[in-house]
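Before any comments, here is the structure.
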Amino acid sequence: MVDALFGVPRLVAVYDALDAGREDLGHYAAMVGEFGVRRVLDVGCGTGELTCLLAGQGVEVVGVDPAEASLEVAKGKKFADRVRWIHGDATTLPPLEIDLAVMTGNVAQVFLTDEEWAATLGGVRQALRPGGRFVFETRDPARRAWEEWTREHTHQVVTVEGVDTVESWSDLLAVELPYVSFRGTYVFESDGAVLTSDSTLWFRQRDEIEASLTAAGFTVDEVREAPDRPGKEFVFVTTKRSATP
């Protein structure tokens, strides 16, 4: 199931404006240069902000996402014609020989069972060339990010040029660790339409994630901080091992 925020065209049309200020993208783009890679897979690419950024820098990019509406927005962006877009997920990829796979925006937290997560890791590993890298982020549960997922902390009114003015906020629905559920509400000024999008995320502990990566055939090289969110995120930098244990 795709959350409404990513799958409903009217919400997807305003997503980038509501989620503005993506300082995290520069961090991932810098790693392309750091690791000297030319072929990148963007898992859960969404509306293609990072995907198109990398394509514009001459990187060969594949973007995969299960939300068709998000991909349609992505395909309308500058440099989108240089990207290979795939409607699906990491488990449905064609044969690829990727140097670096990335998963930004805490996409890793949307997989709510060990089976889903293991299948995703297996799909990413298969897409990588021998020695290829996989980098992704996930929130540190100890920082309790969900405590700010309230209307008080998230309310905003944004005018999206050529689309509409949208009032939005989040409400925390349930904290049943390791799962946290919340709802986004979006009110469109032009006709008063109210749309909602419910989400549930899995807040895994660092040692759990490391164990799952090892079991899936990755070596955890290091765990970094996200420069734009110091102390709040685990950024896993891993390498595909030649064989699973």
Side-chain angles (χ1 to χ4, degrees), residues 6 12-90 92-108 110 120-121 123-138 160-162 218 220-230 232-240:
F6 311 112
V12 177
V14 300
Y15 174 79
D16 287 336
L18 297 179
D19 192 40
R22 293 290 306 273
E23 289 89 355
D24 60 309
L25 300 186
H27 170 52
Y28 283 94
M31 282 191 278
V32 171
E34 176 186 349
F35 300 137
V37 300
R38 299 304 304 166
R39 293 167 296 181
V40 175
L41 170 65
D42 189 357
V43 181
C45 64
T47 58
E49 285 287 281
L50 177 62
T51 328
C52 292
L53 172 65
L54 294 178
Q57 295 175 350
V59 179
E60 182 181 332
V61 195
V62 178
V64 60
D65 200 280
E68 191 168 7
S70 292
L71 289 178
E72 287 303 309
V73 170
K75 291 175 183 177
K77 294 183 176 178
K78 189 176 182 180
F79 304 120
D81 58 330
R82 303 182 185 179
V83 178
R84 180 180 180 183
W85 302 104
I86 299 175
H87 180 217
D89 57 38
T92 61
L93 292 169
L96 299 169
E97 283 286 314
I98 296 297
D99 300 320
L100 170 67
V102 298
M103 190 184 293
T104 69
N106 296 293
V107 166
V110 308
T120 298
L121 292 180
V124 170
R125 186 180 185 281
Q126 188 170 357
L128 290 170
R129 64 165 175 78
R133 296 179 184 270
F134 176 37
V135 179
F136 67 94
E137 65 185 45
T138 183
V160 185
E161 186 177 355
F218 292 94
V220 179
D221 300 316
E222 59 179 314
V223 181
R224 303 180 178 182
E225 289 192 356
D228 59 307
R229 291 152 291 165
K232 297 182 178 181
E233 305 271 338
F234 300 131
V235 180
F236 288 87
V237 180
T238 76
T239 302
K240 174 182 176 177

Show the nearest heavy-atom pair for residues Met103 and Thr120, with the distance to one decimal. CE-CG2, 4.0 Å

Between Arg224 (side chain only) and Val237 (backbone N and O only), is there a donor and an acceptor less than 3.5 Å apart? no

Side chains of Met31 and Val135, heavy atoms from C-beta outward: is any pair under 4.5 Å? yes

How far does OG1 of Thr51 sit from CG of Asp42, to the nearest 0.5 angstrom? 3.5 Å

Should we count CD of Gln126 as having more than 12 external heavy atoms under 6.0 Å? no

I want to check something: taking the side chain as every heavy atom from C-beta on, are Leu41 and Leu93 in contact at a cut-off of under 4.5 Å? yes

With no hydrogens and no angle check, is any side-chain donor or acceptor of Asp89 less than 3.5 Å from a backbone partner on Pro66? no

Verify, without hydrogens or angle tests, whether Lys240 (side chain) and Arg125 (backbone) share a donor-acceptor contact under 3.5 angstrom. yes

A side-chain contact here means heavy atoms from C-beta on lying under 4.5 Å apart; do Lys77 and Asp16 qualify? yes

Can you tell me how far apart CZ (Phe234) and CD (Glu225) are? Round to the nearest 0.5 Å. 9.5 Å

Is any NZ, NE, NH1 or NH2 atom of the basic residue among Asp99 and Arg133 found under 4.0 Å from an Asp or Glu carboxylate oxygen of the other? no

Please set out all donor-acceptor pairs under 3.5 angstrom arising from side-chain atoms of residues 52-65, sequence neighbours excluded.
from, atom 1, to, atom 2, distance (Å)
Asp65, OD1, Ala67, N, 2.8
Asp65, OD2, Cys45, N, 3.3
Asp65, OD2, Gly46, N, 2.8

Has Thr238 got a side-chain atom pairing as donor or acceptor with Phe134's backbone, closer than 3.5 angstrom? yes

Working to the nearest 0.5 angstrom, can you tell me the gap between Glu68 CD and Trp85 CH2? 13.5 Å

Measuring only between side-chain heavy atoms, which start at C-beta, is Asn106 closer than 4.5 Å to Glu233? yes

Nearest heavy-atom neighbours spanning Ala13 and Val160: O-CG1, 4.3 Å

Not counting sequence neighbours, list each pair that qualifies as a side chain to side chain donor-acceptor pair (under 3.5 Å) and has a residue in residues 21-30. Arg22-Asp24, Tyr28-Glu137

Would a distance-only check, ignoring hydrogens and angles, find a side-chain to backbone donor-acceptor pair under 3.5 Å from Ser70 to Phe6? yes

Once you round to the nearest 0.5 Å, how far does CG of Leu128 lie from CD of Glu97? 9.0 Å

Measure the CG-CZ distance between Leu100 and Arg129 for me, rounded to the nearest 0.5 Å. 9.5 Å

If you take all heavy atoms of Val124 and Ala90, which pair is closest and at what distance? CG2-CB, 4.0 Å

